[in-house]
Amino acid sequence: INKLTAILGAQFSTPEFKIISEGDESREMMFIQTGDCIVNLRDHNFKEAPAIRLLTQGSMAGEIGLIFEGARRSADIICRNYVTMAVLSH
């Protein structure tokens with residue numbers, strides 16, 4: 001646990017801040033510590049499906065970018081309120 005916490009960074013975001021944008025390069029994974037975020041996704045016709053998932057304390061996002069090098073973000077993630085996250089980068 002000590003080794004893992006030593007490599008995690010911290011990030012603080014404000015309400016309505018987009019922490020992940022669909023199509024961006026994926027280089028980090030985030031763990032929600034406080035607050036919550038919504039996940040918005042676009043279908044194959046680029047029509048937005050808003051709030052398909054709610055990320056709350058203990059949720060994670062961005063893990064695909066750590067598993068598959070060169071992966072792109074598949075959704076937008078937007079803070080609903082003040083959010084504190086632990087960030088793991090590669």
Side-chain angles (χ1 to χ4, degrees):
I1 298 270
N2 290 336
K3 289 181 182 180
L4 181 59
T5 56
I7 60 173
L8 289 173
Q11 180 176 329
F12 178 77
S13 297
T14 56
E16 299 184 24
F17 181 77
K18 188 185 290 188
I19 59 173
I20 289 180
S21 293
E22 183 178 0
D24 284 356
E25 187 175 355
S26 181
R27 295 181 158 262
E28 66 271 333
M29 176 179 180
M30 293 139 186
F31 300 90
I32 307 292
Q33 293 176 307
T34 62
D36 50 62
C37 302
I38 57 170
V39 178
N40 294 337
L41 191 61
R42 287 178 184 70
D43 66 15
H44 63 280
N45 293 320
F46 299 102
K47 183 178 178 185
E48 189 173 67
I52 63 163
R53 184 167 178 216
L54 180 64
L55 302 176
T56 59
Q57 182 179 8
S59 297
M60 64 180 177
E63 66 279 5
I64 298 299
L66 293 180
I67 298 169
F68 301 105
E69 189 169 333
R72 298 283 174 181
R73 301 291 190 186
S74 59
D76 292 333
I77 299 181
I78 302 166
C79 299
R80 290 192 341 151
N81 44 44
Y82 292 99
V83 176
T84 305
M85 298 166 277
V87 180
L88 178 62
S89 300
H90 71 85

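Throughout, residue positions are numbered sequentially from 1 according to the sequence presented.
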> Do I52 and N40 have side-chain heavy atoms sitting under 4.5 Å apart?
Replying inline: no
> With a cut-off of 6.0 Å (strictly less than), are more than 12 heavy atoms of other residues, nucleotides or ligands near CZ of R72?
Replying inline: yes
>> Do I7 and L66 land in one hydrophobic cluster if side-chain heavy atoms of ILVMFWY residues count as linked below 4.5 Å?
In response: yes
>> Under the rule for side-chain contact (heavy atoms from CB on, under 4.5 Å), what residues qualify as partners of S89, not counting sequence neighbours?
In response: E28, V87
For residues 12-22, dump all side-chain donor-acceptor pairs below 3.5 Å to protein atoms at least two apart in sequence or in another chain.
unit_1 : atom_1 : unit_2 : atom_2 : d
S13    : OG     : Q11    : NE2    : 3.3
E22    : OE1    : R42    : NH1    : 2.9

>> Rounded to the nearest 0.5 Å, what separates atom CZ in R27 from atom CG in L88?
In response: 13.5 Å
> Heavy-atom distance under 4.5 Å between the side chains of C37 and V83, does that happen here?
Replying inline: yes
> Below 4.5 Å, heavy atoms only, C-beta onward: do M29 and M60 meet side chain to side chain?
Replying inline: yes
> What residues, two or more places apart in sequence or in another chain, satisfy side-chain contact (heavy atoms from CB on, under 4.5 Å) together with D36?
Replying inline: L54, T56, R80, N81
>> With a 4.5 Å cut-off on side-chain heavy atoms, are L55 and V39 touching?
In response: yes
>> Test of understanding: clusters of I, L, V, M, F, W, Y form through side-chain heavy atoms closer than 4.5 Å, transitively. Do L41 and I64 belong to the same one?
In response: no
> So which heavy atom on G65 is nearest to which on S26, and how close?
Replying inline: CA-OG, 2.9 Å
>> So which atom in M30 and which in R73 form the shortest heavy-atom distance, rounded to 0.1 Å?
In response: CE-NH2, 4.5 Å
